[in-house]
Structures are given as structure tokens and as C-alpha cells.
Amino acid sequence: MPITESELTAARNAWGIGLVAISQAYESDGVDGARAVASRVLDELYGYDLGPVLFKPTMASGEHTFRPTKRGALSYFVGHDPEYPLDGGFGLKGWRDVQSETSATFVDGDVAMWMGWVTMTDKDGQVTKVDKSFGYKKDADGALRIVLHHSSLPYSP
């Protein structure tokens, strides 16, 4: 079955809910709680079981700019991994709300791409808006899995 626009919306919403859940777990249960939630979110939403995920986080650089493994993604979201010493834990920033705004989508059967803006609001009302692209593939069970995640801060001339 081809991927539908409603499935794309649900997948983006699930990603936002997952990010907020990581932040809330950190606040209530510390790093270990956040790590457990982040691991579950990665398993549920990303396609690391399908192969490498093309993941370029917003705030990553140097030799760890790209995160094709679950370990690398987990470190980006929760930090505290000696292999990734620059990671501060993007998911630990007190996120409370995540909204997306579509620029364009591309769907071809069981593969889809989405590009737009994602606006995240933290517990203090501070807003971070990023340029984001997601690529999805339906797995054998028909669930959308993120196989491409590229994020960057908007260009400011």
C-alpha cells in the first residue's frame, strides 16, 4: 500500500511526541530514564533494523556529524556516551511541544520524503525552529520507519 499524507502526518506527530517524552523522562527519572525512553522511540520510529539510517542531527559536527547507527542517534538525544563526547543531549532540553509545517512531500509507493520546518517549544516557552527533512519507508508490518533524518538551523544571511 502506498504511503498516505495522513500516515506522514502521524509519523511526524509521533516523532514530536517521542521528543517530548524523552525530555519529560529526563526530568522525572534522570539520564537512565531518558535513555530508556529514547531507545524505545528509536526502535519504534526509526529504521535501524532495515539498515543504516541517514541521520544528520541539527547540532552535530566533526567526525560525528552523521549518525547511521542507533548508538549514535541515542547519544545525540541523551548524551552521556564517551564515544560521542560533544553530545549534550538534544532530547534533554525540556521540550514541551513540537509542531511541523510542510514545505513539500514526495511519495512513491512504500517510500516517502517530507521537508519543512519543525518548531519546538521548551518548558520556558523558548522556541527553536529548524529546517528538517524526513525520509520514510514502510516496513514489513506496514509501519513507517524513518530512514533519513536531516536537520539544520535556518540560514541567516
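Side-chain atoms are counted along with the backbone in the values below, which use heavy atoms only and exclude waters and symmetry mates.
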Original post:
Mind checking who shares a hydrophobic cluster with Leu50, ILVMFWY linked at side-chain heavy-atom distances under 4.5 Å?
Top reply: Val147

Original post:
Taking a hydrophobic cluster as the set of Ile, Leu, Val, Met, Phe, Trp and Tyr residues connected by side-chain heavy atoms closer than 4.5 Å, whether directly or through intermediates, do Leu19 and Leu153 fall within one such cluster?
Top reply: yes

Original post:
Going hydrophobic residue to hydrophobic residue with side-chain gaps under 4.5 angstrom, can you get from Ile17 over to Tyr26?
Top reply: no

Subject >> Asp43: partners by salt bridge (charged side-chain N to carboxylate O under 4.0 Å, His left out), with sequence neighbours left out >> reply: Lys70

Subject >> Check against side chain to side chain donor-acceptor pair (under 3.5 Å), Trp117 and Ser103 >> reply: CA-CA 8 Å; Trp117 298 276; Ser103 171; over 6 Å; no

Subject >> Min side-chain heavy-atom separation Met120-Thr58 under 4.5 Å >> reply: no

Original post:
Considering only heavy atoms from C-beta outward, does the side chain of Asp122 approach that of Lys93 to under 4.5 Å?
Top reply: no

**OP:** Take Glu101 and Thr119, measure what side chain to side chain donor-acceptor pair (under 3.5 Å) needs, and give me the verdict at the end.
**Re:** CA-CA 8 Å; Glu101 188 178 340; Thr119 304; 5.6 Å; no

Original post:
Which residues, ordered by chain and number, are linked to Phe66 in its hydrophobic cluster, where ILVMFWY side chains connect at heavy-atom gaps below 4.5 Å, directly or through other members?
Top reply: none

Subject >> Ionic contact status for Arg96 with Glu27, cut-off 4.0 Å >> reply: yes

Original post:
Given side chains that start at C-beta, do those of Tyr136 and Leu8 come closer than 4.5 Å, heavy atoms only?
Top reply: yes

Subject >> ILVMFWY clustering at 4.5 Å (side-chain atoms), partners of Phe106 >> reply: Leu54, Val111, Met113, Leu148

Original post:
Which class fits the ring pair Tyr76 and Phe55: parallel under 30°, tilted 30 to 60°, perpendicular over 60°?
Top reply: perpendicular

**OP:** Give the other cluster members for Tyr84, using side-chain heavy-atom distances under 4.5 Å between Ile, Leu, Val, Met, Phe, Trp and Tyr residues; answer none if it is isolated.
**Re:** none

Original post:
Considering residues at least two apart in sequence or located in another chain, which fulfil the salt bridge (charged side-chain N to carboxylate O under 4.0 Å, His left out) criterion with Lys132?
Top reply: none

Subject >> Flag side-chain contact, heavy atom, 4.5 Å: Trp114 against Ser100 >> reply: yes

Original post:
Under 4.5 Å between side-chain heavy atoms, hopping through other hydrophobics if needed: is there a path connecting Leu92 to Val98?
Top reply: yes

Original post:
Under a 4.5 Å side-chain heavy-atom rule over Ile, Leu, Val, Met, Phe, Trp and Tyr, are Met115 and Ile3 clustered together?
Top reply: no

